[in-house]
Amino acid sequence: MASLLLHSLTPSPPSLRHTVLKSNHPKTTHRSIAFTCQSISDDADDGYLLDAPISAGDGFSFSGGKYSDGPNPADEWFKKGRYMKAHPVYGTGEKAKDPIFGLAMGGSSQASTDVFRWFCVESGNAAKPSVILIHGFPSQAYSYRKVLPLLSKDYHAIAFDWLGFGYSDKPQPKYGFDYTLDEYVSALESVINELGVNKVSLVVQGYFAPIVVKYASNHQEKLNDLILLNPPLTAKHANLPSTLSIFSNFLLGEIFSQDPLRASDKTLTSCGPYKMKEDDAMVYRRPYLTSGSSGFALNAISRAMKKELKIYVEEMRKILMDDDWKVKTSICWGQRDRWLDFDGVEDFCNGAKHRLVELPMAGHHVQEDSGEELGSIIAGLISRKVLI
């Protein structure tokens, strides 16, 4: 997490860079005002400096995270995708205001006038079997960047950003979309219908798995396969880890959800062995650096998860263990997950007769830690030609 610390009338520590503002008036002496932006983490050397030189690649600025004059990783990723419209906008059409001060929000926080925009990246031939890759909470379609190329040879692979994440629309809560889990189920149906696929395989990671399973339970005829990546499967899993639940807190949640380092870096790296590269960090931080709408959405979905996740996890367990469940289902589990304990996962899979694939070197975000390996596993599970 990055906290912007304003030290007035006190010199900054010699170990930190600082910006000094001085008066040119000959008769007046002003002491320095130092601005520092420092990462709060266990690693004392992991700092982010507001006025660091371009060569340092600080990764935190007020120009949308652009840290050099060269190609920006976030821009390069955006060029690979496109927008599609799906799921109607409900509400009065009133312009959104921020929940803290009641001020009018910018354009990125306003709902579309009729239908929401979803950012998606496609790979492979559209005539081939479709595989939809669904990111977890909180993450982006970018997390599947290593998986997409591996599936493109034999499949039409599609990854999209959920509403409130990445480059998709981020309407202010109560102005067209409230980020409830039921709304996400309905929105997913709209997305799949808009993609126009008759039969599809779904891959979903983490805390969005119960949402996808609920959708799938009502549309089994549309699914070839369902692959769950580190989903919350047990009663213990129904409680959000403190790294995520803090975003749901009153006032403190609003503040922390606006911090790009806490909202992106910490949530992605605290749950497993994933070590984020600076180029990847630029993509994940970009939404939080360019607009407050990402933070408000994160705060809203965190509250919804905290309130509704337990019910959704219980329902998912019942669906996956029901005799009427006919979809071929596999669970891929990163053994180094720091958020979700493996206890009970194997018993559940055995009882429900679902295939369990363990990835010993991966954590909660399997696609980040072992993207290439996961891509091969997904292809093997769907094709039924490769023994996992």
Quick one: are [X] and [Y] in side-chain contact, heavy atoms under 4.5 Å?
X      : Y      : value
Leu223 : Leu202 : yes
Leu309 : Leu240 : yes
Pro232 : Pro210 : yes
Tyr312 : Val185 : yes
Trp77  : Arg286 : no
His237 : Val345 : yes
Ser139 : Tyr284 : yes
Ile301 : Phe165 : yes

Calculate, to the nearest 0.5 Å, the distance between atoms [atom1] and [atom2] belonging to [X] and [Y] respectively.
X      : Y      : atom1 : atom2 : result
Ser186 : Tyr90  : OG    : OH    : 5.5 Å
Lys128 : Leu151 : NZ    : CG    : 11.5 Å
Ile246 : Lys266 : CD1   : NZ    : 7.0 Å
Gln367 : Tyr274 : CD    : OH    : 10.0 Å
Leu233 : Leu320 : CG    : CG    : 7.5 Å
Ile319 : Thr329 : CD1   : OG1   : 10.5 Å

So, Glu194 and His87: side-chain donor and acceptor under 3.5 Å apart, yes or no?
-> no

Can you tell me if Tyr179 and Asn299 form a side-chain donor-acceptor pair at under 3.5 Å?
-> no

Between [X] and [Y], is there shared hydrophobic-cluster membership here, with clusters defined by ILVMFWY side-chain heavy atoms closer than 4.5 Å?
X      : Y      : answer
Leu252 : Leu244 : yes
Leu150 : Ile158 : no
Val191 : Ile132 : yes
Tyr144 : Tyr155 : yes
Met321 : Val313 : yes

When you look at Leu226 and Val212, which way does the side-chain contact (heavy atoms from CB on, under 4.5 Å) test go after all the steps?
-> CA-CA 9 Å; Leu226 177 66; Val212 175; 4.2 Å; yes

Does the pair Leu261 and Arg285 meet the rule for a side-chain contact (heavy atoms from CB on, under 4.5 Å), with working shown?
-> CA-CA 7 Å; Leu261 300 187; Arg285 295 173 194 157; 3.4 Å; yes

Going by the angle between their ring planes, with limits at 30° and 60°, are [X] and [Y] parallel, tilted or perpendicular?
X      : Y      : answer
Tyr184 : Phe177 : perpendicular
Phe119 : Phe78  : parallel
Phe208 : Trp162 : parallel

Can you give me the closest heavy-atom contact between [X] and [Y], atom names plus distance?
X      : Y      : result
Trp118 : Phe116 : CD1-O, 3.5 Å
Ile331 : Pro231 : CG2-CD, 4.1 Å
Ile134 : Leu188 : CD1-CD1, 4.2 Å
Glu254 : Asn249 : OE1-O, 3.6 Å
Ser152 : Ser123 : CB-OG, 2.9 Å
Asp324 : Asp322 : N-OD1, 2.7 Å

salt_bridge(Glu76, Lys79) N-O dist < 4.0 Å = yes

Salt-bridge contact Glu368-Lys277 (side-chain N to carboxylate O under 4.0 Å) = no

Tyr142 ring centre to Arg145 NZ or CZ under 6.0 Å, with the angle to the axis within 45°?
-> yes

Main-chain N/O of [Y] paired to [X] side chain as donor or acceptor, under 3.5 Å:
X      : Y      : result
Ser257 : Gly295 : yes
Ser130 : Val197 : no
Asn72  : Ala74  : yes
Asp161 : Tyr167 : yes
Lys85  : Asp114 : no
His156 : Ala127 : no
Gln205 : Val366 : no
Glu315 : Lys214 : no
Lys199 : Glu221 : yes
Asn230 : Gly206 : no

So Leu181 and Met305, side-chain contact (heavy atoms from CB on, under 4.5 Å) or not? Walk me through it.
-> CA-CA 7 Å; Leu181 304 196; Met305 284 278 184; 4.2 Å; yes

Can you tell me if NZ on Lys146 sees more than 12 non-hydrogen neighbours from other groups inside 6.0 Å?
-> yes

Tell me, yes or no, whether the heavy-atom count around Asn198 atom CG, taken from other residues, nucleotides or ligands under 6.0 Å, exceeds 12.
-> no

Criterion side-chain contact (heavy atoms from CB on, under 4.5 Å) on Leu340 and His364, from CA distance to verdict | CA-CA 7 Å; Leu340 303 181; His364 184 71; 3.7 Å; yes

Matching residue for Leu359 among Gln335, Glu373, Arg336 - test: side-chain contact (heavy atoms from CB on, under 4.5 Å) = Glu373

